[in-house]
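I'd like to ask some things about the structure below.
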Protein chains: 4
Amino acid sequence: MDKRGEGRIIPPVDRKKQVLEAATQSFSLFGYKATTMDQVAKIANVGKGTIYTFFDTKEQLFDEILLDVISEMKKIIEREVDHQKVFFDNLFRVLDSLLEFRSEHELLVKLSQEVRDFGTPQSQEAMTRVESVILNYLDKEVKHAILHQEIRECDSEIVSFLMFKMYIALTSEWNKIHEPLSKQQIQEHIRLFLEEGLAVQ
Amino acid sequence: MDKRGEGRIIPPVDRKKQVLEAATQSFSLFGYKATTMDQVAKIANVGKGTIYTFFDTKEQLFDEILLDVISEMKKIIEREVDHQKVFFDNLFRVLDSLLEFRSEHELLVKLSQEVRDFGTPQSQEAMTRVESVILNYLDKEVKHAILHQEIRECDSEIVSFLMFKMYIALTSEWNKIHEPLSKQQIQEHIRLFLEEGLAVQ
Amino acid sequence: MDKRGEGRIIPPVDRKKQVLEAATQSFSLFGYKATTMDQVAKIANVGKGTIYTFFDTKEQLFDEILLDVISEMKKIIEREVDHQKVFFDNLFRVLDSLLEFRSEHELLVKLSQEVRDFGTPQSQEAMTRVESVILNYLDKEVKHAILHQEIRECDSEIVSFLMFKMYIALTSEWNKIHEPLSKQQIQEHIRLFLEEGLAVQ
Amino acid sequence: MDKRGEGRIIPPVDRKKQVLEAATQSFSLFGYKATTMDQVAKIANVGKGTIYTFFDTKEQLFDEILLDVISEMKKIIEREVDHQKVFFDNLFRVLDSLLEFRSEHELLVKLSQEVRDFGTPQSQEAMTRVESVILNYLDKEVKHAILHQEIRECDSEIVSFLMFKMYIALTSEWNKIHEPLSKQQIQEHIRLFLEEGLAVQ
DNA sequence: CATGAATGAGGGTTCATTCAT
DNA sequence: TATGAATGAACCCTCATTCAT
């Protein structure tokens, strides 16, 4: 009867986690607008009001999910990058690890567009912040690679942007009309475009 | 009293065009769902009911805009492609012409994502049709180029998809956080990724 | 070129009549609310604005049609009633003549209910006026018949009302779920209820 | 604090009942189309959205009210009819009980016409169902009475229809222009028309 | 005078958010 | 604290009426 009694048999349910997971799932599946708070509550198996004890608004709920995704990406990147190694080496190793979280990244992509369409300025700003983290890392790495003459002279910001978009296209956008690509296929095509170019040598 | 008389005073307002332009602008700026018919009416400077004299539903209005964009693209492609010339030649010539209509293509991109999230099956089908036109052309050209050994062996469908996404990224998505790129910049980066690759030779 | 010229070949179209006929048809077929001015204009083969040169509002158009119906009824009654003859004789003769205009009376019935539901006070008052004309006549006749001991003592107003409703039921309301009754069937049932009663003698 | 404590202060409001009553009132007073959900909400003293927690659409709200009315009628009929007794005996006993629910029956009548004019096919089907229940009962009874030679030979379906319409006319339609009739008056007139006939014997 | 394109008030419905329990 | 019934602003669409031509 006393949930806080010693030896509590039933571990208290982490309602916030339930909500976050349900929301992630629903946003991922149906998009931002099409996800109703009722739906999230039902999936999370909590009362609708409960959501509002953790998050002030639907938008804030969305933002927190987004931040989670990006912080995971950041951790991966920091773990995998080793400046002793060459650019493409790092790139493909990071890519490899990132692809483990593909499904979550899919969400990020799916929503980034939508948030721009619907979100309040706050939300849009949040989204921009998220992308910046990734783009900033890429930019830094690209600049470093140019400096060490590992890749051609180029506008590092644009190149970073294209690299990011390419990753997004292969891991997420492609799936909307086709079977998902294998990890292998994704890596090969990244290599084809980024490293070698299409033209026969 | 005679409208065709010399010095025609007030040119008659083309309300349908006004509506189409207003809708294009609003869809482009705020997305599909976030664009209300009230808003379109206000921007177009017409009564809300007026819109419904030209278009049965909001969705139909959207579809018509989309179809306009795609038919323009198609015309450009058909005009510019010349199989006597080599792949990259054609590619950059088409690209060059397409870039003239950049702002309209921006709309297309912006909406493609959203439509998938929200649209009715009809709308989604419309969007898929739009993209197919482009992707089909690209696929055909890529296959042709592989056959003539102008580009490396590769999965033409995936490569086409990436080419398309790259175009979209450079002409539209980039603008959300930066100043639009110049025609030159766009072409250079397409060349960098598609033709040469990033790696120093 | 001069429509009023002598020997005008093409008789000028009576637009008002066209409108009245079209409106009668549409009201009759679809009811008051479901009849749009667009529809009336189309059926009448005139511009929508033209209707408003004859009638200030949709309601006024409806009222005029109603008045036409009632004035026809009135004429019939006045022509057929002959106080030299007995009550039931007059009743069936009037009935017989009224049934010639059944289709128009159907309209009246159909609308009477609806007008009460939707109409402005003015419209409702118009409808009441229409019914009063008939009910007043019936009341007068019933009273006369009671006085001459042709029918039983009864509340003439209620009896008149029931007679009217019975006529309406047989000529109009029945048709909504069944094949229309023949003139004969209608007369027989009026006789059954009004003259003889159902009970076996 | 304890709702079940003695002297329960505020009885909990049954919002669904409030809505049903408000809707019944408004439908009854203004008809189906002229009743807006805003109005129902205002009369029921609830938010507009509240209605939609109980009923999916305006039509469903209407249907539920209708079904309630008809199921009440059915119960009465089943309770009062006793085939040991003669036709007119049963008729007047059922009538007597039905008249207790006069105000609800008024609604039914008022709407039956309108629904035919405006309703969706579903609604119309609902209305037909309602009337069928009554007409079927009447038809069966009339047939039975003819067989037992309690009433004259006649088309039982038409006679049933007229009986129904007469009931409607006396309990509902009369009230639109006059003071409601007393139970007594209604019964007397039913007897006059159905049993005895108007003609002096 | 005849026209029909233009209008905008008003309708049913959805859903993020609140708050009494 | 957790709940979900209640809320109402905001959406898309209809149609009687107006008015420039």
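Naming convention: chains lettered A, B, ... in sequence-line order (proteins, then strands); numbering from 1 in each chain.
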Checklist entry - Below 4.5 Å, heavy atoms only, C-beta onward: do D:I70 and D:L67 meet side chain to side chain? => result yes
Checklist entry - Base, sugar-phosphate alone, or nothing: which one does A:M37 contact when heavy atoms must sit under 4.0 Å apart? => result base
Checklist entry - 5'-most contact on DNA chain E: A:D56 or B:D38, nearest heavy atom basis? => result B:D38
Next on the checklist: I'd like to check the side chain to side chain contact (heavy atoms under 4.5 Å, CB included) partners of A:K42; sequence neighbours left out, ordered by chain and number.
Outcome noted: none
Checklist entry - Atom CD of B:Q60 to atom P of F:dC13: distance rounded to whole Å? => result 10 Å
Next on the checklist: D:Q39: which residues meet the side-chain hydrogen bond (donor to acceptor under 3.5 Å, both in side chains) condition with it, sequence neighbours left out?
Outcome noted: D:S26
Next on the checklist: Restricting to side-chain hydrogen bond (donor to acceptor under 3.5 Å, both in side chains), what partner residues turn up for D:E64, sequence neighbours left out?
Outcome noted: D:K16
Checklist entry - Which one, F:dA16, E:dT7, F:dA2, comes nearest to the side chain of A:R15? => result F:dA2
Item to check | B:L61 CG - F:dC13 C1' separation (whole Å) | outcome: 13 Å
Item to check | Separation of F:dA2 P from A:D14 CG (nearest whole Å) | outcome: 11 Å
Next on the checklist: Which residues in residues 39-54 of chain D have a heavy atom closer than 4.0 Å to any atom of DNA chain E?
Outcome noted: D:K48, D:Y52
Next on the checklist: Which heavy atom of B:I65 sits nearest to which heavy atom of B:A23, and what is that distance?
Outcome noted: CD1-CB, 3.6 Å
Next on the checklist: Would you compute the distance between atom CG of D:D63 and atom NZ of D:K58 and round it to the nearest 0.5 angstrom?
Outcome noted: 12.5 Å
Checklist outcome for this item: From CD of A:Q18 across to C1' of F:dA2 the rounded distance in Å is 12 Å
Checklist entry - According to the Watson-Crick and G-U wobble definition with distances under 3.5 Å, which dot-bracket string, read 5' to 3', encodes DNA chain F, using [ ] for crossing pairs and | for pairs with another strand? => result .||||||||||||||||||||
Next on the checklist: Under the criterion side chain to side chain contact (heavy atoms under 4.5 Å, CB included), I'd like the reasoning laid out for A:L61 against A:L20: C-alpha separation, chi angles, the key distance, then a yes or no.
Outcome noted: CA-CA 8 Å; A:L61 167 60; A:L20 276 171; 4.2 Å; yes
Side chains of residues 44-57 of chain D: which donor-acceptor partners sit under 3.5 Å, not counting sequence neighbours?
unit_1: D:K48; atom_1: NZ; unit_2: D:D38; atom_2: OD2; d: 3.3
unit_1: D:T50; atom_1: OG1; unit_2: D:G47; atom_2: O; d: 3.3
unit_1: D:T53; atom_1: OG1; unit_2: D:T50; atom_2: O; d: 2.5
unit_1: D:T57; atom_1: OG1; unit_2: D:E59; atom_2: N; d: 3.4
unit_1: D:T57; atom_1: OG1; unit_2: D:Q60; atom_2: N; d: 3.1

Checklist outcome for this item: Regarding the side chain of A:K58, the nearest nucleotide among E:dA16, F:dT3, E:dA2 is E:dA16
Checklist entry - Within this structure, what is the CZ-to-P distance between C:F62 and F:dA16, rounded to whole angstrom? => result 14 Å
Checklist entry - Say you draw a straight line from CD of D:E21 to NZ of D:K17; how long is it, rounded to the nearest 0.5 Å? => result 5.5 Å
